[in-house]
Number of protein chains: 2
Amino acid sequence: MESGANKPAVTLNDVALAAGVSLATASRSLNGSARKVNDTYRLRVVDAAQRLGYIPNLFAQAVAKGATTTVALLVADISDPYFSTIASGVIQAAESAGLVVTIAVTGRNPERELATVRALRGQRPRVMILAGSRMAGSPQEADLRKELSAFEENGGRVAFISQNAAPFATVLLDNRGGARALAESLVELGYRCFAVVAGPPTIVTSQDRLQGFRDGLAAHGLDLAEHHIAHTDFTRDGGYQAATDLLQAGLDDVDLLFAVSDVMAMGAMSALRDAGLEPGRDLGVAGYDDIPTVRDITPSLTTVRIPLEEVGRRALELAFGVAQGQDGAGQGGSSTIPVVTEVVRRDSTPRR
Amino acid sequence: MESGANKPAVTLNDVALAAGVSLATASRSLNGSARKVNDTYRLRVVDAAQRLGYIPNLFAQAVAKGATTTVALLVADISDPYFSTIASGVIQAAESAGLVVTIAVTGRNPERELATVRALRGQRPRVMILAGSRMAGSPQEADLRKELSAFEENGGRVAFISQNAAPFATVLLDNRGGARALAESLVELGYRCFAVVAGPPTIVTSQDRLQGFRDGLAAHGLDLAEHHIAHTDFTRDGGYQAATDLLQAGLDDVDLLFAVSDVMAMGAMSALRDAGLEPGRDLGVAGYDDIPTVRDITPSLTTVRIPLEEVGRRALELAFGVAQGQDGAGQGGSSTIPVVTEVVRRDSTPRR
DNA sequence: TTGAAAGCGCTACCAT
DNA sequence: ATGGTAGCGCTTTCAA
């Protein structure tokens, strides 16, 4: 019970000794693939391992085999339901494949993202999954690409969850299409004048959703006024802030507020309420993502559904699919899985 | 660009060769601690490493040093905001300490939890943090203890986030006290007849909160009728189900519904609504945890606040604090950090 | 089938 | 200060 007693862990060697066999035989009976071991020995080894409480050192295995059983997942913010739901999917898929998942947080900071990818490469993960990354526009983009390509050249696999990250495998989120469909659906419901709570202009996801929404309106001859767009953080607080700002600037003619993510929409709804407006009654509200909670809020939120858990699972499968040479839509070995997105109408957008 | 081109990764040896120095010198200039290296050499090495795109193999370092930089976090369900918020805290603390976090999911299944701990031990993490584990009552409890003790004897550290897991270090959540305070606060607000949405009887957290709630009522001479308690899954859907069941059985005289977790409370509120009851107006509702979203729902939820992110950070600090021999309240090297819990009154429990 | 031994990439000790 | 070199725990040839 003393603090520093650190009895060293049981090694394979200990087991071999105890079982009276060679290291090699011990290895083969415990972790080896082919069953080339006499059952008598094998049993003795297994028994000794059990008795001694042997646990194979994964790292040592990794360096000996030159391959790990790790999947690295990069997310902007794990406490954001969007990412934690995706993470849940990745973990499910990984566990059923006997892989361990490491999660790192990038905070939507390209610099941090790059640094994290570098650090993670040291772990030699089998797969790196990047969610919520923006491959476009940042000065670090080229470096990121280079880093990831190098990773792939060393046998690693990368999968993006985003809009388009060619030449890397991607679970394709059609943000533009989804937002467009949403806009059209809202017009169909009778809404005519819109405001948007958007993320920072540097975030591609936000931009795509904004643009898609515009497209959808345009298809019906409707316009989105510049002063009806507010840009802030891609967070709940950002949503609150943006809605507050819009309100201040005047939202009298607006009949629907679209927030480019559900999390932002929730913040925005609180802002509306704090300003004395009732979402759904005084003003329609719509979001994007369909995170689990939005069906439980009041009014329940109209949004665009992304099957988040599935996206996580798919990302992992995709990475391995590519590894096995099975290519999808893309040319040249990189592939892509489109994900079905769908507008979910709820109480926050009653027919007008 | 061929699929199988797998150019092997650059090793420290390659760098040493390129720089014209020995392996040892290369190691020292790149990852060594003391600055015992001539700047001329050091520069040449760093330069070569840079040029070749060398990235140290963490696993190899780990086996050579006999120590890793990994923290393992076990949670019941990462998509549950309770756990993802804790995870966020753990990750923050870990990153600032240069550690990598691995997350595994146990699904509140003791068997799975045990298996996961075993598997994780193979990673030789520095620390194992167990959140949402129930050390009590399961047949696997003894095995779990044994496994964790063995892990500690090999130099690992474990920290629990729960009620009480002696002899292991614990970030102590006073579920009973919190629930008791909540009950008293509700009585003070004028509520007199209560129903509870609880988790499975096997989950200690749920039991503690239930018992604490009872205690609080009892302190005011109030009673909790058995038929006003429903047990189900510790999830949103469980909450919905339980509330539905209670409603079916008759809730006419009840003026407040307490769900032992916020997530369950959200499900329960939806159930009430679907049954035509307006939470906060027809029936007070309270939860537990104070997950981020509950301030944004309508009515905002009265609950017991746990500083979730802080809890995650503290858990990691605690584990390391213990490692450094600084002991807290406990005797014999194990220690404990109590976390301040506080009742947050919101709109779901207007004064009666 | 089994065992001896050569790595895997890196660190740390021991001389020089 | 630097360079050999012996491990770290494990896998995997290669003989036997």
Side-chain angles (χ1 to χ4, degrees), chain A residues 6-46 48-49 52-70 121-125 154-156, chain B residues 6-46 48-49 52-70 121-125 154-156:
Chain A
N6 290 13
K7 161 170 52 176
V10 177
T11 75
L12 185 56
N13 207 0
D14 300 334
V15 175
L17 249 44
V21 302
S22 77
L23 225 199
T25 301
S27 171
R28 286 190 278 252
S29 13
L30 254 24
N31 321 311
S33 42
R35 47 183 59 240
K36 312 184 125 195
V37 170
N38 184 318
D39 271 4
T40 320
Y41 283 165
R42 145 176 238 92
L43 224 65
R44 253 163 53 194
V45 173
V46 170
L52 299 179
Y54 168 71
I55 296 201
N57 184 325
L58 268 142
F59 289 179
Q61 289 190 170
V63 359
K65 294 207 242 213
T68 63
T69 56
T70 303
R121 279 191 65 197
Q123 285 203 62
R124 305 284 190 274
N154 293 338
Chain B
N6 290 14
K7 164 169 52 179
V10 177
T11 74
L12 186 56
N13 210 357
D14 300 334
V15 175
L17 247 45
V21 301
S22 76
L23 224 201
T25 302
S27 172
R28 286 190 278 252
S29 5
L30 254 24
N31 321 309
S33 43
R35 47 182 60 240
K36 310 184 129 200
V37 170
N38 185 319
D39 271 4
T40 321
Y41 282 163
R42 147 177 235 92
L43 223 65
R44 253 162 52 194
V45 172
V46 170
L52 299 179
Y54 167 72
I55 296 200
N57 184 326
L58 269 147
F59 289 180
Q61 288 191 170
V63 359
K65 294 208 243 212
T68 63
T69 56
T70 303
R121 280 191 64 195
Q123 285 202 63
R124 304 285 190 274
N154 294 338

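Sequence lines set the chain letters: A, B, ... in the order given, protein chains first and strands last, and positions in each chain run from 1.
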Any residue meeting side-chain contact (heavy atoms from CB on, under 4.5 Å) with B/L30, in chain and number order, not counting sequence neighbours: B/L12, B/V15, B/V45, B/V46, B/A49, B/Y54
A/V37 to A/R28 - nearest heavy-atom pair and separation: CG2-CB, 3.7 Å
Gap between atoms CZ and C1', on A/R44 and C/dT1 respectively (whole Å): 14 Å
Residue-phosphate contact under 4.0 Å: B/S27 side-chain N/O, C/dT11 OP1/OP2: yes
Closest heavy-atom pair and its distance - B/T70, B/Q123: CG2-OE1, 4.0 Å
Set of residues satisfying side chain to side chain donor-acceptor pair (under 3.5 Å) with respect to A/R121, sequence neighbours excluded: A/E147
Euclidean distance, atom CG of residue A/N57 to atom C1' of D/dG9 [Å, nearest integer]: 6 Å
Gap between atoms CD and P, on A/Q61 and C/dC8 respectively (whole Å): 18 Å
Partner set under side-chain contact (heavy atoms from CB on, under 4.5 Å) for B/A64, not counting sequence neighbours: none
Residue pair B/N13 / B/T11, side-chain donor-acceptor N/O under 3.5 Å: no
d(CD, B/Q123; P, D/dC8) in whole Å: 22 Å
A/V10 versus B/R124, closest heavy-atom pair with distance: O-NH2, 4.2 Å
Under 4.0 angstrom between B/N31 side-chain N/O and C/dC10 OP1 or OP2: no
Touch class at under 4.0 angstrom, heavy-atom based, for A/T11 against every strand present: sugar-phosphate
Interatomic distance where CG belongs to A/D14 and C1' belongs to D/dC8 [whole Å]: 13 Å
For atom CG of A/L12 and atom P of D/dT11, their distance in whole Å: 6 Å
Nucleotide D/dT11, atom C1' - distance to CG of A/N13 in whole Å: 13 Å
For B/A60, all residues meeting side-chain contact (heavy atoms from CB on, under 4.5 Å), sequence neighbours excluded: B/N57
Separation of D/dC10 P from A/L30 CG (nearest whole Å): 9 Å
What protein N or O atoms touch nucleotides 2-5 of chain C N or O atoms at under 3.5 angstrom, if any, and at what distances?
| residue | atom | partner | partner atom | Å |
| --- | --- | --- | --- | --- |
| C/dT2 | OP2 | A/N38 | N | 2.5 |
| C/dG3 | OP2 | A/S22 | N | 3.2 |
| C/dG3 | OP2 | A/S22 | OG | 3.2 |
| C/dG3 | OP2 | A/T25 | OG1 | 2.5 |
| C/dG3 | N7 | A/R28 | NH2 | 2.7 |
| C/dG3 | O6 | A/R28 | NH1 | 3.4 |

Heavy-atom pair with the smallest gap, counting every atom of A/T68 and A/A62: CG2-CB, 3.8 Å
Rounded to 10 degrees, the angle between the two terminal axes of the helix from C/dT1-D/dA16 to C/dT16-D/dA1, each from five pairs: 40°
